[in-house]
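Notes follow once the structure below has been shown.
Chain letters run A, B, ... following the sequence lines, proteins first and then strands; every chain starts at 1. Just so you know, these numbers use all the heavy atoms, side chains as well, and skip hydrogens, waters and symmetry mates.
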There are 2 protein chains.
Amino acid sequence: MNIGDVSARCGLPAKTIRYYEDIGFIKPLRDSNGYRVFRPVELHKLAFLGRARALGFTIEDCRALLALWEDKGRASADVKRISNGHLAMIDTKIADLQEMRATLSNLVEACAGDDRPDCPILKQLSSN
Amino acid sequence: MNIGDVSARCGLPAKTIRYYEDIGFIKPLRDSNGYRVFRPVELHKLAFLGRARALGFTIEDCRALLALWEDKGRASADVKRISNGHLAMIDTKIADLQEMRATLSNLVEACAGDDRPDCPILKQLSSN
DNA sequence: TATGGGGTCTCCCCCCACTGGAAGGTCAAG
DNA sequence: CTTGACCTTCCAGTGGGGGGAGACCCCATA
């Protein structure tokens, strides 16, 4: 299978697939013309990576998850630990965004949004 | 005022202040020794930028907000439009993160997290 | 006067996770 | 034989700075 087929099947851009090879996630064979040749194992790994990335796992998390996935004697505790760590990161980000949202939302509601220059948003941003 | 004093007062690292000069947010004077000399106007701008960045506005949003802040004849509608746009971005990000969180949370709860290799998280990530 | 410590300068590379584009080789259809 | 789609490598850029090198500069103390 060539990179275009793999891209269509796993939903990752060809650029990303080449990048994943660069950083050691996959090691596709090469045809005599230099083209990458993907076997089912690479396709599965790429699909795995696509799903893990869609859940927001970092590349380094993905590296660890991929290693656990390939290790048939893994402990599920290790997977759960990584996932809980990521869940905590997500919660932190959500909390930060919600705080921003609350502040900004109040300011927006207080702003007339008309032709006049008076603006509580700018006033708050320039408050000493 | 030197960059260290400004940094302490507005809470931005010196590196960030130099970067903000680079991208044209401020134009501090220079002393005969080459040191940047900050006047109150630059201090105010930097504080403004610090607060806007803390609310998650992008650098380009900040550029527009700063221009409106300096324009005494601005319409508050312009400020509100930018802020509403940013609010929409925040809402999108929150929604994305909450969706990730929901999926991942379900998986984590289903995972025993013990010594055994069986793991619903990996199973889901490798599902066809 | 020497010296030591801290502040500041510019410059360049690094981070994450790709993405875009240039320049060129390859393959299959018409 | 040509055309166009596909593939290759390599270089540069994104956003928003951070780290650190090497060189000045300023002030206080001995």
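Contacts of A/I3 with the nucleic acid, taken as non-hydrogen atoms under 4.0 Å apart, involve only primed sugar atoms and P, OP1 or OP2. Residue-level contact check: A/Y20 touches the backbone only, with heavy atoms under 4.0 Å from sugar-phosphate atoms and none from bases.
Salt-bridge formation is detected for the pair A/E70/A/K45: a Lys NZ or Arg NE/NH1/NH2 atom is positioned less than 4.0 Å from an Asp or Glu carboxylate oxygen. Ion pairing of B/D118 with B/R116 is absent here, as no side-chain N (NZ or NE/NH1/NH2) approaches a carboxylate O to less than 4.0 Å. For B/R81 and B/D78, the salt-bridge test passes: some basic side-chain N is under 4.0 Å from an acidic carboxylate O.
Along DNA chain C, the nucleotide nearest to A/P13 and the one nearest to A/S32 differ in position, and the one closer to the 5' end is contacted by A/P13.
For A/I59 and C/dC14, the CD1 to P distance is 19 Å, given to the nearest whole Å. Atom CG in A/N2 sits roughly 7 Å away from atom P in D/dT8 (whole-Å rounding). The separation between A/D22 atom CG and D/dT8 atom C1' is 13 Å, rounded to whole Å. Protein atom CG of A/D5 is 10 Å distant from nucleotide atom P of D/dC6, rounded to whole Å. Per the geometry, CE belonging to A/M1 stands 16 Å off C1' belonging to D/dC6, to the nearest Å. In this structure, A/F25 atom CZ and C/dC16 atom P are separated by 12 Å, rounded to whole Å. Whole-Å rounding puts the B/L12 CG to D/dG17 P distance at 8 Å. If you take CG of A/N33 and P of D/dA5, they are 19 Å apart, rounded to a whole angstrom.
Checking the phosphate oxygens (OP1, OP2) of C/dC9, a side-chain nitrogen or oxygen of B/R36 falls inside 4.0 Å. Within the structure, every side-chain polar atom (N or O) of A/R63 is placed at least 4.0 Å from both OP1 and OP2 of C/dC16. Between C/dT19 and A/T16, a contact under 4.0 Å exists linking OP1 or OP2 to a side-chain N or O. The side chain of A/R53 places no N or O atom within less than 4.0 Å of a non-bridging phosphate oxygen (OP1 or OP2) of C/dC16.
A donor and an acceptor atom sit less than 3.5 Å apart, one in the side chain of B/K15 and one in the base of D/dG20. Remark: the B/Y19 side chain and the D/dG18 base include no donor-acceptor N/O pair separated by less than 3.5 Å.
Proximity of a side-chain donor or acceptor of A/H86 to a complementary backbone N or O of A/L55 within less than 3.5 Å is detected.
For B/R18, the listed nucleotide lying nearest its side chain is C/dC9; candidates were C/dC18, D/dG18, C/dC9.
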